Amino acid sequence: MSVLVFTENWDGKFKKLSFELISYATKLAEMLNTKSIALSIGEVEKSELEKLGKYGAHKIISIINKNLDILDNQVYSQLIADIAQKEEVTVIVLANNNVGKALAPRLSVRLKAGLGAGVTKLPVNIDPFVVYKKVYSGNAFAEVRIKSEIKILTIAQNSFDLIETYNHAEIVNTEVFVADGQVKTQMLEVQKQTGKILLTDAEIVVSGGRGMKTPDNWGPLIEMASLLGAATACSRPVSDEGWRPHEEHTGQTGKIISPNLYFAIGISGATQHLAGVSSSKVIVAINTDKDAPIFEAANYGIVGDAIKVLPKLVDAIKELKGK
Amino acid sequence: MKILVCISNVPDTTTKVKFIDNSRTLDTVGVQWVINPWDELALTRALELKDDPANGIQQVAVAHVGLVSAEPTIRKALAIGADEAFRVNSYAKDAFFVAAQLSEVIKTNPFDIILCGIESSDYNGSSVGGMLSEFLGINSVSAVSSIKIENGKSLIHREIDGGKEILTIPSPYVAIVQKGIAKEPRIAAMRGIMMARTKPIKVSEPVDIDSLTEVIHFELPKPRTACKFVDPENPKQLIELLQNEAKII
Ligand SMILES: Cc1cc2nc3c(=O)[nH]c(=O)nc-3n(C[C@H](O)[C@H](O)[C@H](O)COP(=O)(O)OP(=O)(O)OC[C@H]3O[C@@H](n4cnc5c(N)ncnc54)[C@H](O)[C@@H]3O)c2cc1C
Ligand SMILES: Nc1ncnc2c1ncn2[C@@H]1O[C@H](COP(=O)(O)O)[C@@H](O)[C@H]1O
């Protein structure tokens, strides 16, 4: 028995989310009286792999194979399922992100293992196995019982704190064979932005809505974000109008994020917008309308004109940062 | 080529959800049912692809696992432009069950491209598309934001952290689509609504398969603590609160 974690690295570096997953899996393994195992695919240095131990991984299976450079869902899910079977895994933990969402359902069918998707905390019960997750786009939560022997969980990003346990993990370099012809996904081009804080990774997000009035007013908002080390985001109409790039749109039909701090500036707080941001730990709203629904979701609010308030906020942050 | 769009029938996104039966069941009183927004966009893209004869799409169908009460939603998909519909006559027990039923439909009615949404706005499972591809033993691409067809080959955009990949995979495949797949959902025109009445909905009975999960309890989110207001003339106070009270900057 063990809990297997599918980790993701970014050019050989693990992201915080992988450490969240290991922390989660290690706690879960304790509840199940077993150990957590991390699976790493791709070239990652030993010192980086060892970091997984710091968050409690007992063993790290490291696989390097050029036929795994492209994420082919069929090849990957087969590989993970094989490892899970070999290691007699009872729970597989993945992130509830693009990659996790692509693989977890396939694993579920392959292993006949019930899937708890987007769980936000440790299981509320182990026997029967009951997980807790967001449903109805954040308008409700559900306790879901997983009836199968093996379970697959995808964990909502930023919903579980890192726990350092400093385990000295055993690193096992494992060879796998993937025939050239097996990889059917053929990559034609990759377009990547670099140097930008990714919205889904950001701990602080500064987001603007139609209340920002024109795209020319974004200067202070962007300045505030850069002072705070935050990512910028927007409501859907703002990206529809082309004021801001599409990848910044948050909400039900955009990105779903849960930063520690979310600034909603000139955003009314429609349910579809809140669906993407309501699990932020703290929400700050700036809006001219004191009755705007965003204030019902917000922890802190300023009733005022964003165009006037933002420069003052920027000054206050500069003062705080001692500049 | 034939395209199938799997559609789920969900409460309108502005529904204030409530539960009955000891918080085990959604209270459907007053709920407006709609095609899951992602599936509506998937259908729109499928029809756009069919509009251009160069793409060689002969048929766009939709499939749904659900009871007869979902037929207005299926008719809406036909009115928007789908040629025919399949319905597996069963309550959707869980994603595993739904995917298994859909795979049976597809095994007897093969399709080249199968589209699913990234998530249905009720259970937010993000599950059915991937599960279906595994049941069918075919490939899948998730996080798809664009599909084009060139010389019979699919060109697919897959969103990745901070960018996108442009890739191709052989048919048949399942594409799990998200933002970008189509701009605006296509709306049913009068003619489409008339025509939908005569289009077939092929109903089949479910195969016997167990679900792997069940919802045992729903709950509403706890109300947030009341918003604390800060004087707009003195936003510095906000920064102090975030620093000293919330301790997050
Ligand atoms: C199926 C569906 C899916 C959707 N998905 C999404 C989604 O994913 N994300 C999303 O965001 N929306 C989504 N929407 C749209 C959503 O319903 C709202 O229309 C949208 O969120 C409104 O954006 P907004 O708050 O920027 O604009 P508005 O609703 O126009 O609000 C602007 C706000 O700014 C305030 N304001 C005006 N001037 C100022 C000023 N000078 N200073 C400060 N405040 C000011 C106003 O009081 C108002 O509250 C969806 C809708 C549907 C039907
Ligand atoms: N009952 C259903 N019938 C047909 N397709 C469905 C059903 N439920 C979900 N789907 C499809 O699966 C996608 C993801 O749904 P889910 O896994 O429930 O989040 C949806 O966008 C639909 O394309």
Side-chain angles (χ1 to χ4, degrees), chain A residues 73-74 77 98 101-102 105-106 108-110 114-115 117-118 130 134-137 139-148 184-193 196 198 200 204 228 246 252-254 260-261 271-272 282 284 295 297-304 309 312-313 316-317 320, chain B residues 13-14 17 37 95-96 99 118 121-131 133-135 139-143 155 159-170 176 179-180 212-221 224-225 227-230 232 235-236 238-239 241-243 246 248-249:
Chain A
N73 291 341
Q74 220 169 4
S77 42
N98 284 349
K101 286 178 187 175
R106 297 199 70 127
S108 166
V109 172
R110 224 164 219 285
L115 168 58
V130 178
K134 201 162 89 164
V135 288
Y136 294 101
S137 306
N139 290 316
F141 291 87
E143 285 181 1
V144 180
R145 179 176 161 215
I146 302 181
K147 301 187 278 187
S148 52
K184 298 280 179 358
T185 308
Q186 192 193 336
M187 194 63 62
L188 306 174
E189 194 184 328
V190 181
Q191 300 173 353
K192 253 194 210 178
Q193 292 175 330
K196 229 182 137 183
L198 294 176
T200 42
I204 304 180
L228 291 169
H246 274 286
Q252 190 188 353
T253 48
N260 291 334
L261 176 56
T271 47
Q272 296 95 350
V282 173
V284 174
F295 287 122
N299 304 74
Y300 299 99
I302 295 181
V303 179
V309 173
K312 290 185 196 161
L313 265 180
I317 297 167
L320 158 83
Chain B
T13 46
T14 54
V17 293
F96 183 83
I118 184 63
S121 58
D122 47 6
Y123 288 179
N124 306 135
S126 299
S127 306
V128 170
M131 287 180 178
S133 62
E134 191 67 42
F135 272 117
N139 222 326
S140 58
V141 189
S142 195
L155 291 188
E159 296 295 305
I160 54 170
D161 278 345
K164 65 170 168 251
E165 297 169 334
I166 301 170
L167 52 85
T168 178
I169 54 168
I176 297 141
K179 183 179 157 64
L212 298 179
T213 61
E214 67 184 341
V215 174
I216 54 172
H217 183 78
F218 286 107
E219 72 189 36
L220 295 173
R224 283 200 178 240
T225 43
C227 182
K228 210 176 235 186
F229 286 96
V230 170
K236 200 175 149 193
L238 173 69
I239 301 303
L241 284 167
L242 293 175
Q243 200 171 27
I248 45 181
I249 58 172

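By convention in this document, chain letters (A, B, ...) are assigned in the order of the sequence lines, proteins followed by strands, and residues within each chain are numbered from 1. Note that the structure is predicted; figures quoted are calculated from it, not measured.
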query = If you tally heavy-atom pairs under 4.5 Å against chain A, which of B/Ile169, B/Thr213, B/Leu238, B/Ile248 wins?
reply = B/Thr213
task = Please state whether the side chain, the backbone, both or neither of B/Val230 comes within less than 4.5 Å of a heavy atom of chain A.
result = both
key: chain A contact via B/Pro221 - which portion, at a heavy-atom distance below 4.5 Å   = both
inquiry  = Determine whether the aromatic ring centres of residues B/Phe229 and A/Phe295 are separated by less than 6.0 angstrom.
reply    = yes
request  = Select one option (side chain, backbone, both, neither) describing which atoms of A/Leu198 are under 4.5 Å from chain B's heavy atoms.
outcome  = side chain
Heavy-atom contact with chain B under 4.5 Å, split by part of A/Gln272 = side chain
inquiry  = Please identify, among B/Ser133, B/Gly163, B/Pro170, the residue contributing the most non-hydrogen atom pairs under 4.5 Å to chain A.
reply    = B/Ser133
ask   = Between B/Ile176 and chain A, which part of the residue has a heavy atom less than 4.5 Å away: side chain, backbone, both or neither?
value = neither
key: N/O donor-acceptor pair under 3.5 Å between A/Asn98 side chain and B/Ala143 backbone   = no
message = Counting only non-hydrogen atoms closer than 4.5 Å, does A/Thr185 touch chain B with its backbone (N, CA, C, O), its side chain (CB onward), both, or neither?
response = both
query = So what's closer than 4.5 Å to chain B heavy atoms on A/Leu228: side chain, backbone, both or neither?
reply = side chain
inquiry  = With a 4.5 angstrom heavy-atom cut-off, is it the side chain or the backbone of B/Glu159 that approaches chain A, or both, or neither?
reply    = both
request  = Give the minimum heavy-atom separation between A/Gly254 and B/Lys179, together with the two atoms involved.
outcome  = CA-CD, 4.0 Å
request  = For the residue pair B/Tyr123 and A/Tyr136, categorise the inter-ring angle as parallel (less than 30°), tilted (30 to 60°) or perpendicular (more than 60°).
outcome  = perpendicular
